[in-house]
2 protein chains.
Amino acid sequence: MFSGAQISLYPMSDDYVGIILEALTALDPHRAQCRIETDDLSTLVVGPPERLFPAMRDLFVKASSGGIHCVLSATVSRGCPGEPDNPICTPTATAPPASLEARIAAARVAVAAAKLTGQPVAAQLSVYGCIDFLKQSGVFDRAKNFCTKLRGDAGPVFATLGEAFLSFGPPAGHVALDLTVSANSPSA
Amino acid sequence: MFSGAQISLYPMSDDYVGIILEALTALDPHRAQCRIETDDLSTLVVGPPERLFPAMRDLFVKASSGGIHCVLSATVSRGCPGEPDNPICTPTATAPPASLEARIAAARVAVAAAKLTGQPVAAQLSVYGCIDFLKQSGVFDRAKNFCTKLRGDAGPVFATLGEAFLSFGPPAGHVALDLTVSANSPSA
C-alpha cells in the first residue's frame with residue numbers, strides 16, 4: 001500500500017513565509033515515520049495512513065496559534081493504483097470492523113477520545129460513503145454542494161477527517177479525500 | 001445535469017479581505033449565467049460547465065494582478081448523483097467527439113486558442129483519464145504523487161483545466177476534479 005497527502009498551508013498574512021516555516025517545525029515529531037518533500041504548490045507527506053491526520057493537525061494548529069486567518073488544503077490518498085508499494089506506509093493500526101454500523105461506532109469512539117487543542121476550526125471534505133458517520137461525529141455542520149462541512153475544535157475535527165479516511169471504504173482499495181480546514185476567518 | 005464549483009481564494013497578504021472583495025468584481029460578467037453563494041470556506045458557483053473555468057480564470061488573474069502570492073483552490077463537479085438537475089447548468093457547447101484521439105486533438109486546439117493573460121501560474125489537479133491530453137497540452141510540468149502539475153500563462157492553464165473537466169469522462173456521467181492554482185510564489 002502507498003499512503004500520503006499533498007498538503008498546502010495558506011496564512012493570509014504578509015508574513016506567510018515566516019508563519020509557514022515556523023509551523024513546519026510542528027512536523028518534526030512525525031519526520032522519523034514519514035518522507036516529506038516540498039515544492040512551490042504543496043508538501044508531500046508519505047507515511048502510515050493513521051499518521052497523516054495528526055501531522056496535519058499539529059501543522060495547522062501551530063500555524064493558526066497566532067490568530068492569523070489560515071487555511072490548510074490537502075489531497076489525501078491510500079491504495080492508489082499505480083503508486084508503488086512502500087514499507088513506510090504500512091498501517092500500524094488494526095483494520096476497522098466489517099459492518100458499517102460497527103465502523104461508525106468505533107469511529108465515534110475515536111473522535112470522542114480526541115484531545116482538544118483549543119483552536120476552533122471549520123472544515124469541508126469531498127468524500128463518499130461515510131456521510132452517516134460524519135452526521136454523528138459531533139462536529140457535523142451541514143451538507144453543501146459537492147462536500148460536507150464540519151465545525152469544532154481542531155482535535156475532534158481532524159480526528160473525524162482521519163476516521164473518514166481510515167475506517168470507511170475498502171481496507172485495501174483506493175480512497176482519496178480532498179479537504180479544506182480554516183481557522184480565524186473573519187467570515188465565520 | 002448539475003454543474004458547479006466550490007472555489008476558495010487565498011491571498012497571502014494582510015489585505016486579503018480587500019484583495020478578495022476586489023477580485024470578486026471579476027465575476028460580474030458571469031453572474032447573469034450563474035448562481036453564486038459564499039460562506040466562510042468557499043464560494044459556490046453553479047452554472048453551465050463551460051462557464052466555470054473562464055470565471056475562475058478571471059477571478060484569479062484579478063486577484064494576482066497586484067503581485068501578491070495568491071492561490072485558488074476548487075472542487076469542480078458535473079453530473080454528481082444526488083444533486084438536483086438545474087436548467088442554469090445546461091451546456092451551451094456541443095458534446096466532444098467520441099474517440100479519445102479526437103478528444104485530445106480538439107482539446108489541444110481549444111488550449112492553443114486560449115487568450116494569453118500575462119499572468120504566469122503553476123497548477124495541479126487530481127483527475128483520472130486524461131493524462132495523455134495533459135502531457136500534450138503545452139503547459140504540462142510533471143507528474144506528482146496523487147496529481148499532475150501544470151505551468152504556464154493563466155490563459156492556457158485554465159483552458160487546459162477546463163478541457164480536462166469538459167472533454168474527458170462520460171458526457172452525462174459524474175466528473176469531479178480538484179485543483180490548485182498558484183501565482184507569484186517566492187518558491188517557484
Side-chain angles (χ1 to χ4, degrees), chain A residues 2-6 8-17 19-20 37-42 44-46 68-71 73-78 80-84 122-126 128 131 141-147 149-151 174 176-182 185-188, chain B residues 2-6 8-17 19-20 37-42 44-46 68-71 73-78 80-84 122-126 128 131 141-147 149-151 174 176-182 185-188:
Chain A
F2 187 92
S3 63
Q6 291 283 4
S8 301
L9 187 60
Y10 308 121
M12 260 49 80
S13 162
D14 289 353
D15 184 31
Y16 65 96
V17 173
I19 294 169
I20 290 172
E37 293 168 14
T38 296
D39 73 2
D40 59 313
L41 281 173
S42 54
L44 172 69
V45 177
V46 175
I68 293 293
H69 174 31
C70 284
V71 170
S73 175
T75 297
V76 195
S77 175
R78 63 177 171 84
C80 183
E83 300 277 2
Q124 65 193 25
L125 71 160
S126 297
Y128 301 96
I131 185 70
D141 187 76
R142 68 188 179 88
K144 292 175 62 170
N145 291 99
F146 325 130
C147 55
K149 188 170 178 181
L150 311 176
R151 187 180 297 281
H174 183 212
L177 183 156
D178 284 279
L179 60 98
T180 303
V181 187
S182 171
S185 168
S187 313
Chain B
F2 187 91
S3 64
Q6 291 283 4
S8 300
L9 187 60
Y10 308 121
M12 261 49 81
S13 163
D14 290 353
D15 184 32
Y16 65 95
V17 173
I19 293 169
I20 291 172
E37 292 168 14
T38 297
D39 74 4
D40 59 314
L41 281 173
S42 54
L44 172 70
V45 176
V46 176
I68 294 293
H69 174 30
C70 284
V71 170
S73 175
T75 297
V76 194
S77 174
R78 63 177 171 85
C80 183
E83 301 278 1
Q124 65 193 25
L125 71 160
S126 297
Y128 301 96
I131 186 69
D141 186 74
R142 67 188 180 90
K144 293 175 61 170
N145 290 101
F146 325 131
C147 55
K149 188 169 176 181
L150 311 177
R151 189 179 295 281
H174 182 211
L177 183 157
D178 284 280
L179 61 98
T180 303
V181 187
S182 171
S185 169
S187 314

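To find a chain, count down the sequence lines: A is the first, B the second, and so on, and within it residues start at 1. Values below: all heavy atoms of this structure, side chains included; hydrogens, waters and symmetry mates excluded.
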> chain A heavy atoms under 4.5 Å from B:Arg78: which part of the residue, side chain, backbone, both or neither?
Replying inline: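 No part of it gets close to chain A.
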> Tell me, side chain or backbone of B:Ser182 under 4.5 Å from chain A's heavy atoms, or both, or neither?
Replying inline: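 Contact with chain A: backbone and side chain both.
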> Can you tell which of A:Val46, A:Leu41, A:Asp178, A:Val181 has the highest number of heavy-atom pairs within less than 4.5 Å of chain B?
Replying inline: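 The candidate making the most pairs under 4.5 Å is A:Leu41.
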>> Heavy-atom pairs under 4.5 Å with chain B - which of A:Thr38, A:Ile19, A:Ile68, A:Leu44 has more of them than the others?
In response: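 Top option by heavy-atom pairs under 4.5 Å: A:Leu44.
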Show the nearest heavy-atom pair for residues [X] and [Y], with the distance to one decimal.
X	Y	value
B:Met12	A:Pro11	CG-O, 3.3 Å
A:Lys149	B:Asp39	NZ-OD2, 2.9 Å
B:Tyr10	A:Thr180	OH-CG2, 3.5 Å
A:Asp14	B:Ser13	OD1-CA, 3.4 Å

> Listed by chain and number, what are the side-chain contact (heavy atoms from CB on, under 4.5 Å) partners of B:Ala5, not counting sequence neighbours?
Replying inline: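 Testing B:Ala5 for side-chain contact (heavy atoms from CB on, under 4.5 Å), a comparison that skips the adjacent residues, returns B:Ile7, B:Val76.
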> Is A:Gln6 reaching over with its side chain to a backbone N or O of B:Asn145, donor-acceptor style, under 3.5 angstrom?
Replying inline: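 At least one qualifying donor-acceptor pair exists.
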> Any idea how A:Tyr16 and B:His69 line up, ring-wise: parallel (<30°), tilted (30 to 60°), or perpendicular (>60°)?
Replying inline: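 Tilted.
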> Which of the residues B:Ser77, B:Ser185, B:Ser187 is involved in the greatest number of heavy-atom pairs with chain A at under 4.5 angstrom?
Replying inline: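 Of the options given, most contacts go to B:Ser77.
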